[in-house]
Amino acid sequence: MSTTFTIDTSTSRATPTPAPMKRLTVPAIQRRKVAGRTAEPLVMLTAYTVRMAQLLDPHCDILLVGDSLGQVVYGLPSTLPVTVDMMVAHGAAVVRGSYHAVVVVDMPFGSYEASPAQAFANASRILAETGCAAVKLEGGEAMAPTIRFLRDRGIPVMAHIGLTPQAINVLGGYGARGRGQEEHAKIMADAVAVAGAGAFAMVLEGVIEPIAIEVARTSDVPVIGIGASAQCDGQVLVAEDMLGLFERTPKFVKRFDDMAGRITDAVQRYADEVRLRRFPGPDQIYPIKP
Ligand code: KIV
């Protein structure tokens, strides 16, 4: 994947100076799947803050402002208490911190399920107040009319099927889905329904690998896996999980770093230097000017 980009020299009244690069678009993401496959898998990570967005943006096709921020940023027990206001504040920060990736913002629990009209009111607010390009919502067949309603009114939707954390009280746990004929059939039907309704891509979370492969192969739109299969059209992880900010992570997470360990070491050194009056040193103080 290329991380060098040409300057986007087009300007307007709103943005009078050239942008560092042209941002990817939703249709460009959808077009990455050709003849049932993405030649190069889509790279997606969560981001909740401006600084993380700046760091992740050059390497990602999609930045997801996931409602997982409820747990990761706010220490909530699940994603259920997350509000539209939270998603708007973090979504706007991530858009400000990125130039390249498509920014997708999660619709939180309770903000879209009641009716397509309720979903449109909240999704249009999210797009208008954050500048993101698309929303993501959980649910398969039941959400298809809502996906169609939003899409037909100018709001691109990424669907999220398989393990849907907002339905934790119905599912009873975060275990992998698809372990019986009934669940298998439901996941396949959900995938067909959301793609048919016009979702430009779907997240497929926590399903046994053969089903993930079947969904990816049979779906016309990119299928982005998490706890699914490397054969999906792309992958997504919570950035803090893959960076090793938490000691305990789910089985499907690979820790690409040990940020928790590195932060602990750095803070320990800072605390030692403060206690020994070694910090601030000569380089960090303001001497009297001669
Ligand atoms: O909320 C989130 O971060 C997500 C991803 C894990 C797919 O939905």
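In this text the structure is predicted, and so the values were computed from the model without any measurement.
Paired with Lys136 under the rule side chain to side chain contact (heavy atoms under 4.5 Å, CB included), one option of Asp106, Ile224, Val157 passes, and it is Asp106.
The 12-atom threshold is not exceeded at OH of Tyr99, counting heavy atoms of other residues, nucleotides or ligands nearer than 6.0 Å. Heavy atoms from other residues, nucleotides or ligands lying under 6.0 Å from OH of Tyr270 number 12 at most. Summarising the local packing, CG of Asp272 is surrounded by more than 12 heavy atoms from other residues, nucleotides or ligands at distances under 6.0 Å. The neighbour count for Gln284 CD, taken as heavy atoms of other residues, nucleotides or ligands under 6.0 Å away, is above 12.
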*Show your reasoning for whether salt bridge (charged side-chain N to carboxylate O under 4.0 Å, His left out) applies to Asp85 and Arg125.*
CA-CA 10 Å; Asp85 285 348; Arg125 180 182 163 208; 2.8 Å; yes

*Give the C-alpha distance, both sets of side-chain angles, the deciding distance and a yes or no for salt bridge (charged side-chain N to carboxylate O under 4.0 Å, His left out) between Lys186 and Asp190.*
CA-CA 6 Å; Lys186 161 111 181 80; Asp190 284 344; 2.8 Å; yes

_Test log, rule salt bridge (charged side-chain N to carboxylate O under 4.0 Å, His left out), inputs Arg32 and Asp61_ = CA-CA 11 Å; Arg32 289 273 292 271; Asp61 301 301; 3.3 Å; yes

*Would Asp258 and Arg262 count as a salt bridge (charged side-chain N to carboxylate O under 4.0 Å, His left out) if you check the C-alpha gap in whole Å, the side-chain angles of each, and the deciding distance to 0.1 Å?*
CA-CA 6 Å; Asp258 174 28; Arg262 294 209 282 146; over 6 Å; no

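Here the straight-line distance linking atom OG1 of Thr164 with atom CZ of Phe109 works out to 10.5 Å at 0.5 Å rounding. Atom OH in Tyr74 sits 7.5 Å away from atom OG1 in Thr83 (nearest 0.5 Å). Between Leu243 atom CG and Leu56 atom CG the span is 7.0 Å, to the nearest 0.5 Å.
Taking 4.0 Å as the cut-off between side-chain N and carboxylate O, Asp265 and Arg269 do not count as a salt-bridged pair.
In terms of heavy-atom proximity, Asp233 sits nearest to Val221 at OD2-O, 3.8 Å. Shortest non-hydrogen contact noted between Ala193 and Glu141 is CB-CG, 3.6 Å. Residues Ala101 and Cys60 approach most closely at CB-O, 3.6 Å, considering heavy atoms.
The side-chain tip of Arg153 points at the ring of Phe149 from less than 6.0 angstrom away and within 45° of straight on.
Using a 4.5 Å cut-off on side-chain heavy atoms (C-beta onward), Met143 and Leu137 make contact.
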